[in-house]
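First the proteins, then the strands, lettered A, B, ... as listed; each starts at 1. Every heavy atom of this structure was used, including side-chain atoms; hydrogens, water molecules and symmetry mates were not.
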Amino acid sequence: MNINPRTPEAYKLFHDGILALCRAEQQGFRVDVEYIENKKNQLTRKIERLEQEFQDSDFYKHWQHTVKGKINIYSNQQLAHFLYDIKKIEPPKETVSGQGATDEDALKTLNIPVLNNLLTIRKLKKVKDTYLDAFAREQVNDYIHPFFNLHLVRTFRSSSDSPNFQNIPKRDEEVMKIVRRALFPRPDHQLIEVDFSGLEVRIAACYHKDPNMIRYIEDKTTDMHGDMAKQIFKIDNFSKSEHHVLRQAAKNGFVFPQFYGDYFVNCANNMACGWLKLPAGSWKKGQGIKIQDIYASDHMISKGLTSLSKFEKHVQEIEEDFWGNRFKDYAEWKERWYKLYKKYGYIDLVTGFRCSGVMSKNEVINTPVQGAAFHCLLWSFIEMDKRLTENKMDTKLIGQIHDSMILDVNPSELEEVQRMVRKITCEDLANTWQWINVPLDVEIETYEVNGNWTQKIEEDE
DNA sequence: GGAACTCGCCAC
DNA sequence: AAACGTGGCGAGTTCC
């Protein structure tokens with residue numbers, strides 16, 4: 001696939017973008033080297049203890065006997081061979097190359113208690129090797145300087161490396177805290193994070209202009225993910241707080257995957273087994289996670305969804321309704337867009353870039369959205385950088401994660417910075433790019449002065 | 001001893 | 001008819 005800017009504005013966006021990202025690199029992100037060293041030692045000891053425990057198990061001893069040469073508990077090849085060839089267990093799923101899978105999902109399904117031990121070891125090693133070691137290795141005088149690249153990603157997004165600033169743990173509470181405890185603002189400063197709300201969904205709407213989607217974006221009393229949760233799980237009296245988990249499952253297991261081009265079989269599996277922790281096959285009372293005070297399986301059974309295959313059929317109907325009724329114009333745009341690509345061999349983004357070359361249907365549909373959404377962030381980043389520099393402010397941009405930017409703020413400038421950010425992202429951007437036909441919004445998260453990247457200041461509303 | 005691959009897992 | 005988009009990175013592994 002080839003990419004190139006078709007307009008002077010597109011060229012300038014990347015030219016200015018590189019310079020602004022370069023300044024963020026030079027500024028860097030402060031790390032607590034002493035904490036990192038201590039935590040690494042603590043994790044190493046914990047990992048050694050768990051390794052010892054694992055090696056004392058019968059499972060390990062049996063495994064060891066079957067290995068020619070030296071056993072390595074971190075070799076997935078050895079583990080797969082032992083589980084699926086020696087013990088002749090049926091693999092819950094396979095990898096791309098056809099080997100029995102040994103990822104978390106597969107090992108949990110096997111339901112062998114001692115393997116949970118291995119999963120814990122893996123998790124702790126990941127934290128130590130990928131994050132803490134990388135910070136210690138890359139830091140210079142207590143600052144890491146992650147690179148931000150604009151020339152590597154097929155969809156015109158950015159990437160980051162050395163260390164990668166764009167995959168710092170966030171979802172797993174325990175892991176998130178260990179890693180983010182290491183990241184600080186400059187002395188007597190505070191971190192803030194500016195996040196575009198639902199940016200890709202909104203930018204997609206700029207292409208397809210689906211009225212139902214635009215209503216979901218413009219009318220704050222509506223709730224797309226809530227509506228989908230209601231429909232998917234047949235909830236009579238939906239409440240955002242009570243059915244929080246089901247809403248999350250609908251959002252991350254159905255809505256987003258559908259936008260990326262996934263289909264009902266994967267979505268049903270993902271929601272039932274991944275989110276609700278229900279088994280494949282038919283369901284019995286008392287299975288899966290708890291929703292309020294009832295089990296997921298009890299809820300599903302009470303709605304006539306008594307097995308994964310029944311749920312799959314149900315999700316298929318929902319998918320048909322999703323694209324056939326709810327977001328009909330969006331679906332029609334996808335078809336038109338793909339036809340145009342097949343006719344001309346390229347697609348033009350609203351931001352003035354052209355992509356040509358061999359692309360799959362999903363790529364053709366996702367690229368313009370991901371690309372243009374990131375360009376909104378990049379434009380805001382450049383503008384913010386310009387204003388901070390022009391006004392000789394002490395606040396600095398230090399990083400960016402596709403639809404968010406991170407700043408190291410002098411507390412005396414906090415209010416001004418918040419005003420500037422809101423004006424740039426919610427007003428100036430849409431005034432500059434006329435194709436933006438929906439409101440854009442940001443969420444600003446503020447952290448304690450001298451606080452690390454876990455110490456958020458909770459605002460009262 | 002390095003390049004290139006697979007696998008698993010972190011982010012959006 | 002087919003079926004999840006974009007990255008980086010570490011460990012293990014294979015090949016040269």
Of all of [range], which get a heavy atom below 4.0 angstrom from DNA chain C, listed by number?
{"range": "residues 201-208 of chain A", "answer": "none"}
{"range": "residues 257-270 of chain A", "answer": "P257(A), Y260(A), G261(A), D262(A), Y263(A), N266(A), N270(A)"}
{"range": "residues 74-103 of chain A", "answer": "Y74(A), S75(A), Q77(A)"}

With distance as the sole criterion, is a donor-acceptor pair present between the side chains of [X] and [Y] under 3.5 Å?
{"X": "D32(A)", "Y": "N452(A)", "answer": "no"}
{"X": "D408(A)", "Y": "H189(A)", "answer": "yes"}
{"X": "Y143(A)", "Y": "Q26(A)", "answer": "no"}
{"X": "S404(A)", "Y": "E443(A)", "answer": "no"}
{"X": "D321(A)", "Y": "Q231(A)", "answer": "yes"}
{"X": "Q166(A)", "Y": "Q400(A)", "answer": "yes"}
{"X": "D227(A)", "Y": "Y216(A)", "answer": "yes"}
{"X": "N366(A)", "Y": "N362(A)", "answer": "no"}

Problem - Nucleotides bounding contact with chain A, strand DNA chain C, heavy-atom threshold 4.0 Å - result: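 In short, chain A contacts DNA chain C from dA3(C) to dT14(C).
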Problem - salt bridge (Lys or Arg N to Asp or Glu O under 4.0 Å) contacts touching residues 308-320 of chain A (sequence neighbours left out) - result: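 Output for this query is empty, none listed.
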Problem - Interatomic distance, L132(A) atom CG to R181(A) atom CZ [nearest 0.5 angstrom] - result: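 The CZ atom of R181(A) is 11.0 Å from CG of L132(A), to the nearest 0.5 Å.
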Practice task
Test side chain to side chain contact (heavy atoms under 4.5 Å, CB included) on L388(A) and K396(A) and set out the steps.
Solution key: CA-CA 7 Å; L388(A) 291 170; K396(A) 307 288 179 196; 5.8 Å; no
Handout entry: F256(A) six-ring centre to K251(A) NZ/CZ under 6.0 Å and within 45° of normal
Key =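 Not flagged: K251(A) not positioned over aromatic ring of F256(A).
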Practice task
Could you tell me from which nucleotide to which nucleotide of DNA chain B, 5' to 3', there is an atom under 4.0 Å from chain A heavy atoms?
Solution key: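 Footprint of chain A along DNA chain B, 5' to 3': dT6(B) to dC12(B).
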